[in-house]
Amino acid sequence: MTLFTKSAQELQELLKTKEISIADLTEEAYKRVAALDGEVGAFLALNEEKATAQAKEMDAVPFEERGPLFGLPIGVKDNIVTEGLETTCASKILEGFNPIYDATVVNKLREAGMVTIGKLNMDEFAMGSSNENSGIKPVRNPWGLDRVPGGSSGGSAAAVAAGEVPFSLGSDTGGSIRQPASFCGVVGMKPTYGRVSRYGLVAFASSLDQIGPITRNVRDNALLLEAISGVDANDSTSANVEVPSFVEALTGDVKGLRIAVPKEYLGEGVGEAARQSVLDALKVLEAQGATWEEVSLPHSKYALAAYYILSSSEASSNLSRFDGIRFGFRAENVTNLEELYKETRAQGFGDEVKRRIMLGTYSLSAGTYDAYYKKAQQARTLIKEDFDKVFEEFDVILGPTTPTPAFKIGENVEDPMTMYANDILTIPINLAGVPAISIPCGFEDGLPLGLQIIGKYFDEATIYRVADAFEKATEFHKETPQIWEVK
Amino acid sequence: MANITKEEVKHVANLARLAITEAEAEKFAQQLGAITKFAEQLNELDTTNVEPTTHVLPLVNVLREDVAVKGLDREVMMLNVKEHVDGLVKVPPIITE
């Protein structure tokens, strides 16, 4: 049995009594990575030498001077830059890229005393829902190695689900934290847009991207979000809003809580098991004094189309910086600069990235701009207003995170549209900018299902309170995949 | 709005500085056609007088104090540059015959 079954609080108790050391925790992470990651494929780069040295130094810090995350191992998604540790966004075009500064969240992890174990696999440039678009290698779902882990933070979710690390950071543009968290049976939070600095997060769609924590339980998740949140002079879109103690919000009390359940989230296209797991979750919360009502988010069905236009448009602009000149891969045997750009990008980017760059370029072109880009931005306004209206009367919105559990590797690769439909329940949240979490709420054929709890702007505290109350009343989060046991 | 032709894909690829083969242009034309056709459902929406949302937070201008801060060292900046000479980035000829 690994130490990583334990919560941050339990690990700190063991550190306090010196039953274990920080060096032990770091070693445990690398041991499990060595044993499991050949099959799981969650890690792209390891930070073993530095982390091991860091752990030893940290063991000398007196316990009274440590915070609640001090000495605990974490994996970081590979689109978050780490000084001196290769960062590729799982793309060939960034092969060998060695960042020259740390992302703000990485600085914050260091301040909290966390030990970075390595960089986590993902869909190339965070574009995808299955990790099959990784330009390096696919990730497999620890709950079934023939299944996808979800995406794009598939490595981040799989590493935690397999117990390789107890904590990870992911990023979420249209569901990229919540969908893999759901598929891998772990807890994943997409904070309010602006809650966490994006400085050092390689941009995909700047108006939608947010970094967030993935953990095995709600309390650890709240602790980690607390550590990485806050306004940052280096990110002008980070919000100057107070960061409350999310852990203090975990009162276990949901009496009088008003829950909205959008009929669009339980209707057509949503699997029976996912639907039933949400209805069961509502009963659990009702038994604790919460009430729920069905509501409508009438523009939900337009979210997917609006999202693909807007995110691809922003990506086409953001990804123009990858030109073979200043970093990463550079095509050879070219005769002039334009050819260098074109060949570098053609050879460096995978098909999904190219598809989205072209869709974005097309949407922003003269003649199509109004019909696509502007129309999608207007649809975004309507989608946001749907949420505003519901939140006038309710505290949280509940629904499934995904319509089905993890699908088989290879099942959806041929058809981009079917793949995109996977994110139908997570995308509207990014368009509105509100926070949402996915927590384990059931199983279908041995594969985890996720409950999505959506909150008001900057009200992650209420989301955590509800998630924690549900977790305390259920056992789903205690389940581990078969792969968990390492001999 | 309707189907996307192979020629349009090649045009867009050129704008996006992506080299593209005939076979790829064909494949992408089909796939992008399907995606844009799907996106046309947005036309069902009456968006008269609906303001477009570019950004969800009510942020206007975010200014910092006008104080000079030291940037990164040039040597460090050049760490990932494939080719550089005397502190300058080197690229292939911009104009060729």
Side-chain angles (χ1 to χ4, degrees), chain A residues 96-98 100-101 193-194 207 233 236-237 239 299 301-302 304-306 308-309 316 320 323-328 330 334-343 345-347 349 354-355 357-359 361-362 365 368 371-372 374-382 384 416-417 420 431-433, chain B residues 1 4 8-9 11-21 24 27-28 31-32 34-57 59 61-65 69 72-73 76-84 89-96:
Chain A
F97 173 58
N98 210 341
I100 54 178
Y101 67 94
Y193 182 81
S207 81
S236 61
T237 62
H299 297 96
K301 66 180 269 210
Y302 301 104
L304 197 58
Y308 275 94
I309 299 293
S316 72
S320 62
D323 56 8
I325 308 289
R326 290 151 300 160
F327 31 67
R330 179 179 209 169
V334 294
T335 53
N336 61 42
L337 186 63
E338 190 173 323
E339 213 182 307
L340 174 70
Y341 292 154
K342 286 185 175 173
E343 283 303 325
R345 289 163 66 78
Q347 294 170 34
F349 289 137
K354 288 180 190 173
R355 202 152 38 229
I357 289 174
M358 287 195 279
L359 175 64
T361 308
Y362 180 76
S365 304
T368 47
Y372 287 95
K374 190 177 166 203
K375 190 79 180 176
Q377 285 190 315
Q378 289 172 314
R380 184 176 186 181
T381 305
L382 297 172
K384 181 181 179 301
M417 287 313 304
Y420 295 173
L431 289 172
Chain B
M1 296 204 283
I4 294 184
E8 279 176 301
V9 169
H11 172 66
V12 168
N14 179 51
L15 291 175
R17 295 293 181 266
L18 286 166
I20 192 166
T21 63
E24 283 175 324
K27 181 181 74 182
F28 283 129
Q31 290 173 338
L32 292 175
I35 298 167
T36 49
K37 194 157 173 261
F38 175 75
E40 279 171 23
Q41 61 166 292
L42 293 178
N43 292 334
E44 294 167 14
L45 287 172
D46 179 6
T47 49
T48 326
N49 300 324
V50 175
E51 282 296 317
T53 294
T54 46
H55 209 278
V56 290
L57 300 181
L59 294 169
N61 288 325
V62 181
L63 303 173
R64 67 167 170 84
E65 261 186 272
V69 282
L72 291 161
D73 287 337
V76 175
M77 303 270 275
M78 289 295 176
L79 267 180
N80 286 288
V81 178
K82 280 260 158 44
E83 249 189 298
H84 53 96
V89 178
K90 196 177 169 203
V91 297
I94 294 171
I95 303 165
T96 46

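The analysis underlying the following values was restricted to heavy atoms, covering all of them including side chains, and did not include hydrogens, waters or symmetry mates. Note on naming: letters A, B, ... go to the chains in the order of the sequence lines (proteins, then strands), and numbering restarts at 1 for each one.
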Atom [atom1] of [X] and atom [atom2] of [Y]: how far apart are they, to the nearest 0.5 Å?
X: Arg17(B); Y: Leu340(A); atom1: CZ; atom2: CG; answer: 12.0 Å
X: Ile94(B); Y: Glu338(A); atom1: CD1; atom2: CD; answer: 11.5 Å
X: Leu45(B); Y: Leu382(A); atom1: CG; atom2: CG; answer: 6.0 Å

- Assess whether side-chain contact (heavy atoms from CB on, under 4.5 Å) is satisfied between Thr36(B) and Leu359(A), documenting all intermediate values. CA-CA 8 Å; Thr36(B) 49; Leu359(A) 175 64; 3.9 Å; yes
- State which residues pass ring-ring contact (aromatic ring centres under 6.0 Å, His included) with Tyr308(A); sequence neighbours excluded, sorted by chain then number. Tyr420(A)
- Item | Qualifying residues under ring-ring contact (aromatic ring centres under 6.0 Å, His included), relative to His55(B), sequence neighbours excluded | Tyr193(A)
Which answer fits [X], side chain, backbone, both or neither, if we ask what part of it has an atom under 4.5 Å from a heavy atom of chain B?
X: Ala233(A); answer: neither
X: Leu304(A); answer: both
X: Thr381(A); answer: both
X: Ile325(A); answer: both
X: Ser236(A); answer: both
X: Ala432(A); answer: backbone
X: Ile309(A); answer: side chain

- Applying side-chain contact (heavy atoms from CB on, under 4.5 Å), run through Lys301(A) and Glu44(B) and close with a yes or a no. CA-CA 11 Å; Lys301(A) 66 180 269 210; Glu44(B) 294 167 14; 3.4 Å; yes
Using modelled atom types and a 3.5 Å cut-off, is there a donor and acceptor pairing between side-chain atoms of [X] and backbone atoms of [Y]?
X: Asn80(B); Y: Asn98(A); answer: yes
X: Lys375(A); Y: Ala39(B); answer: no
X: Arg345(A); Y: Ala16(B); answer: yes

Quick one: of [options], who has the most non-hydrogen atom pairs under 4.5 Å with chain A?
options: Asn61(B), Thr21(B), Asn14(B), Thr47(B); result: Thr47(B)
options: Val89(B), Val62(B), Val50(B); result: Val50(B)
options: Leu32(B), Leu57(B), Leu15(B), Val9(B); result: Leu57(B)
options: Gln31(B), Arg64(B), His11(B); result: Gln31(B)

- Neighbour count above 12 (heavy atom, 6.0 Å) for His84(B) NE2: yes
Please state whether the side chain, the backbone, both or neither of [X] comes within less than 4.5 Å of a heavy atom of chain A.
X: Glu83(B); value: both
X: Phe38(B); value: both
X: Lys90(B); value: backbone
X: Gln41(B); value: both

- Task: Carefully, step by step, assess Arg380(A) and Val56(B) under the rule side-chain contact (heavy atoms from CB on, under 4.5 Å).
- Result: CA-CA 9 Å; Arg380(A) 184 176 186 181; Val56(B) 290; 3.5 Å; yes
Determine the option with the most heavy-atom pairs under 4.5 angstrom with chain B, choosing from [options].
options: Phe327(A), Tyr302(A), Tyr341(A); answer: Tyr302(A)
options: Lys374(A), His299(A), Arg330(A); answer: Arg330(A)
options: Val334(A), Thr237(A), Leu431(A); answer: Thr237(A)

- Apply side-chain contact (heavy atoms from CB on, under 4.5 Å) to Ile20(B) and Lys354(A), showing your working. CA-CA 10 Å; Ile20(B) 192 166; Lys354(A) 288 180 190 173; over 6 Å; no
- Would you name the heavy atoms of Ala346(A) and Leu18(B) that are closest together and state the gap between them? N-CD2, 4.2 Å
